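First the structure, in the form of structure tokens, and then the observations on it.
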Amino acid sequence: MKKFKEIKRNFKKYNIPYIIVINKCDSVKENILEELKSKFNDSIFLSSQTGEGIDLLRDKLINILQQEEEELPIVGDLLEYNSKVILVVPIDSEAPKGRIILPQVQCIRDCLDHGIKSYVVRDTELKSALEDIKDVDLVITDSQAFKEVDKIVPKNINLTSFSMLFARQKGDFEEFIKGALQIKNLNKDSRILMAESCTHNVSHEDIGRVKIPKLLNNYVGAELTYDYSIFHDFPEDMDKYDLIIHCGACMINRKTVVNRVNQCREKNVPITNYGIVLAYLNGILERSLSLFNIKYDDII
């Protein structure tokens, strides 16, 4: 019974919907069944033999699925039909041979779903693409090329990153921005958690294990301490960290990310996102927020 209560607490803590089902209720005596019903009064008592409870279970499942929060579009609700978007996809050691990474694929699909014209170029061809394509509404770049792309894209064109779009779609966007603003409070004793949602080969250009730590160390002027969590290995003792930096979360759902944000909020631990951190460290966070109708001054 103790283990059962602990499991229920965890389901509630992580906002996981659940149904308690007790099967084979036709195989026990009536007095035992009544005792179980009084002890587990929020359960469904079911018999696959007689069919008792099966309709109720089906209705409960349908109700839970209908209540599940739908994820936002990636870019489809931010731009009008027939808008023009340039996707900047650098080809470096991080890019898988013969294909592009999942966030970029998902962004292209979202554009197609919403009638948005997308043009995919490398960072080295961005300048000429802007000359060829008139009336561009948005440029979306890989976070690692933020600084270079910002220099190329005229200020009258909205600029953001794949990671920032996924931060809005998958998590608590304003909480991530507030988390990035806490970077100014880091010092040589600060401990950082890099939360990754997938396993991957780590190269010398890895965004979470090489580039962001290097930029943070340069910003603070000291070698900070970094820990890493992978996929669902998100720690319970996150209050030992001064900042948690989450990846773009293309491999996990919104509910998982929001639960992590809520855990951090409960323990007063700032959490942010790869793309937002890179925008902040490159001095272009304010510009990157213009697309989302968020006033930078209201957050700071």
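The first residue of the sequence shown is numbered 1, and numbering continues consecutively from there. Keep in mind that the numbers below use all heavy atoms, side chains included, and drop hydrogens, waters and symmetry copies. Since we're looking at a predicted model, the values are computed, not measured.
- With Asn217 contributing its side chain and Leu224 its backbone, the two residues share a donor-acceptor pair below 3.5 Å.
- Under the 4.5 Å side-chain criterion, counting only non-hydrogen atoms from C-beta, Glu196 is not in contact with Ser229.
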Chi angles and distances behind the side chain to side chain donor-acceptor pair (under 3.5 Å) call for Asn259, Thr256: CA-CA 5 Å; Asn259 284 337; Thr256 299; 5.7 Å; no

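- Within 6.0 Å of NZ on Lys240 lie more than 12 heavy atoms contributed by other residues, nucleotides or ligands.
- At least one side-chain heavy atom of Leu159 sits less than 4.5 Å from a side-chain heavy atom of Asp150.
- Residues Arg254 and Val257 fail the side-chain proximity criterion, which asks for heavy atoms closer than 4.5 Å.
- The OH atom of Tyr228 sits 14.5 Å away from the CG atom of Asp233 when rounded to the nearest 0.5 Å.
- Atom CG of Asn187 has more than 12 neighbouring heavy atoms from other residues, nucleotides or ligands inside a 6.0 Å radius.
- Between the CG atom of Leu278 and the CG atom of Leu281 there is a distance of 6.5 Å, given to the nearest 0.5 Å.
- The shortest non-hydrogen separation linking Ser288 to Met164 is CB-SD, 3.6 Å.
- In this structure, the side chains of Leu78 and Leu291 come closer than 4.5 Å at one or more pairs of heavy atoms.
- Stacking of Lys84 on the aromatic ring of Tyr119 is not recorded, the 6.0 Å distance cut-off and the 45° axial limit not both being met.
- How far CD1 of Ile100 is from CD of Gln106: 10.5 Å, rounded to the nearest 0.5 Å.
- Partners of Phe292 according to the ring-ring contact (aromatic ring centres under 6.0 Å, His included) rule, which considers only residues two or more places apart in sequence or in another chain, are Phe173.
- Under the 6.0 Å distance and 45° angle rule, Arg209 does not count as a cation-pi partner of Tyr226.
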Check against side-chain contact (heavy atoms from CB on, under 4.5 Å), Ile276 and Asn273: CA-CA 5 Å; Ile276 295 173; Asn273 159 278; 3.9 Å; yes

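- A donor-acceptor pair is defined here as one N or O able to donate and one able to accept, closer than 3.5 Å; such a pair exists between the side chain of Lys184 and the backbone of Leu181.
- Contact detail for Ile54 and Ser48: the closest heavy-atom pair is CD1-CA, 4.5 Å.
- For the pairing with Phe45, the side-chain contact (heavy atoms from CB on, under 4.5 Å) check across Val28, Asn23, Leu56, Ile22 returns one residue only, Ile22.
- Heavy-atom minimum distance, Ala249 versus Ser197: CA-OG, 3.6 Å.
- In terms of heavy atoms, Phe234 sits closest to Ala195 at CE1-CB, 4.0 Å.
- Within the 4.5 Å cutoff, side-chain heavy atoms of Asp172 are placed close to those of Arg265.
- Contacts of Leu57 classified as side-chain contact (heavy atoms from CB on, under 4.5 Å), with partners at least two apart in sequence or in another chain: Ile19, Val21, Ile44, Leu46, Leu61.
- Between Leu87 and Cys107, the closest side-chain pair of non-hydrogen atoms falls below 4.5 Å.
- Taking all atoms of both residues into account, the shortest heavy-atom contact from Phe146 to Thr141 is CD2-CG2, 3.9 Å.
- Between the CD atom of Glu148 and the CG atom of Asp142 there is a distance of 10.5 Å, given to the nearest 0.5 Å.
- Within a 6.0 Å radius of CG in Asp135, no more than 12 heavy atoms belonging to other residues, nucleotides or ligands are found.
- At most 12 non-hydrogen atoms from other residues, nucleotides or ligands lie less than 6.0 angstrom from NZ of Lys29.
- At a threshold of 4.5 Å between non-hydrogen side-chain atoms, the residues Asn31 and Glu35 do not count as touching.
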Chi angles and distances behind the side-chain contact (heavy atoms from CB on, under 4.5 Å) call for Val121, Val89: CA-CA 6 Å; Val121 301; Val89 181; over 6 Å; no

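- Here the side chain of Thr272 pairs no donor or acceptor atom with the backbone of Gly179 at under 3.5 angstrom.
- Separating the OG atom in Ser118 from the CG atom in Leu112 is a distance of 5.5 Å, to the nearest 0.5 Å.
- In this structure, Lys170 contributes its side chain and Ile252 its backbone to a donor-acceptor pair below 3.5 Å.
- Remark: side-chain polar atoms of Asn282 are not paired, donor with acceptor, to backbone N or O of Ile284 under 3.5 angstrom.
- The structure places OG1 of Thr225 at 9.5 Å from CD of Glu223, a figure rounded to the nearest 0.5 Å.
- Applying the salt bridge (charged side-chain N to carboxylate O under 4.0 Å, His left out) test to pairs two or more places apart or on separate chains, those with a residue in residues 109-122 are Arg109-Asp113, Arg122-Glu125.
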Derivation and outcome, side-chain contact (heavy atoms from CB on, under 4.5 Å), residues Ile207 and Ile212: CA-CA 6 Å; Ile207 186 170; Ile212 289 178; 4.1 Å; yes

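- For the side-chain contact (heavy atoms from CB on, under 4.5 Å) test, residues two or more places apart in sequence or in another chain that qualify with Ser47 are Cys25, Asp26, Gln49, Thr50, Glu52.
- Each of Ile116, Ile133, Val136 was compared with Val85 under the side-chain contact (heavy atoms from CB on, under 4.5 Å) criterion, and only Ile116 meets it.
- Annotation for Ile74 and Leu165: closest pair O-CD2, 3.5 Å, computed over non-hydrogen atoms.
- Remark: Asp123 engages Val88, Pro90 in a side-chain contact (heavy atoms from CB on, under 4.5 Å) (not counting sequence neighbours).
- One N or O on the side chain of Lys267 and one on the backbone of Glu236 form a donor-acceptor pair closer than 3.5 Å.
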Going by atom type alone, with no hydrogens or angles, which donor-acceptor pairs under 3.5 Å involve a side-chain atom of residues 241-248 and a protein atom two or more places apart or on another chain?
from, atom 1, to, atom 2, distance (Å)
Tyr241, OH, Asp227, OD2, 2.9
Asp242, OD2, Arg191, N, 2.7
His246, NE2, Arg260, NH1, 2.9

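- Remark: Lys37 NZ is packed, more than 12 non-hydrogen atoms of other residues, nucleotides or ligands lying under 6.0 Å away.
- The shortest side-chain heavy-atom distance between Ile86 and Leu130 falls under the 4.5 Å cut-off.
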